Amino acid sequence: MDNSSGVGVLDKAALVLTALEPGPATLAGLVTATGLSRPTAHRLAVALEHHRLVARDIQGRFVLGPRLGELAAAAGEDRLLASAGPVLARLRDITGESAQLYRRQGDFRVCVAAADRPTGLRDSIPVGSQLTMAAGSAAQILLAWEDPERMNKGLMKATFTAAELSAVRRRGWAQSIGEREPGVGSVSAPVRSPSGKVVAAVSVSGPLERLTRQPGRMHAPAVVAAAERMSQNLRRAS
């Protein structure tokens, strides 16, 4: 079967990506797997690396890059959003606080769904809002399971530390106490794709006078359960 699209450079780039599907490869390995010349294979791999479609492991070998995971996650966004509304509404009703769903987009996290507390003092995040990746429990979740290079880059500007992210991974949820905004606390947990990749963060947020200085103690079980429910919905839809 002829796999040529008629656009030579794209066909060759696809060869490189396909060659990396089984795992890391040296330049020599790419040459062998693709049949491309060494200069061509190197030029394409470096160009794909620039766009984060290819990356390097600690041994300098070429591997599939994080952008592919982000694109795959985005492809599942409709399935995630389709099930998000009822889960967030239930989480709001259980906790009495506003609930949100965040996804990472570049250097920001974006609120893609929300269920606000209907009355009283509340933390309302409009859908579509871009928030910092440097503070807040959702930012911790979206950064905690990133590859080491991207995590370290994110930590350079963050109000939280590598040790705190390690604790987040260990317990499976994050909390924020006035990180993003004074007087506001939040609790977040990861939503995972069928492959196990963290694709979103479910949160509840509200004033510290209600959430206290230990919001995780109050709401972590409910937030983790909501995140798991969304993850299960994604697994059923795959």
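Computed from a predicted model, the values in this text were never measured in an experiment.
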Would you indicate whether R217, at its atom CZ, is surrounded by more than 12 heavy atoms from other residues, nucleotides or ligands within a distance under 6.0 Å?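 At most 12 heavy atoms, drawn from other residues, nucleotides or ligands, come within 6.0 Å of this atom.
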Near D107 CG, under 6.0 Å, is it more than 12 heavy atoms from other residues, nucleotides or ligands? no
Which atom names give the shortest non-hydrogen contact between [X] and [Y], and what distance separates them?
{"X": "F160", "Y": "A134", "answer": "CE2-O, 3.6 Å"}
{"X": "L88", "Y": "A114", "answer": "CD1-N, 3.7 Å"}
{"X": "V202", "Y": "A227", "answer": "CG2-CA, 4.0 Å"}

Stepwise, does the side chain to side chain donor-acceptor pair (under 3.5 Å) test hold for S205 with Q100? CA-CA 8 Å; S205 60; Q100 305 91 25; 3.0 Å; yes
Inter-residue atom distance [X].[atom1] - [Y].[atom2], 0.5 Å rounding:
{"X": "F108", "Y": "T132", "atom1": "CZ", "atom2": "OG1", "result": "7.5 Å"}
{"X": "Q140", "Y": "Q175", "atom1": "CD", "atom2": "CD", "result": "8.0 Å"}
{"X": "L44", "Y": "L15", "atom1": "CG", "atom2": "CG", "result": "9.0 Å"}
{"X": "I177", "Y": "R213", "atom1": "CD1", "atom2": "CZ", "result": "5.5 Å"}

Please walk me through it: do S137 and S176 pass side chain to side chain donor-acceptor pair (under 3.5 Å)? CA-CA 5 Å; S137 62; S176 166; 5.6 Å; no
Taking C-beta and beyond as the side chain, do L143 and M151 meet within less than 4.5 Å on heavy atoms? yes
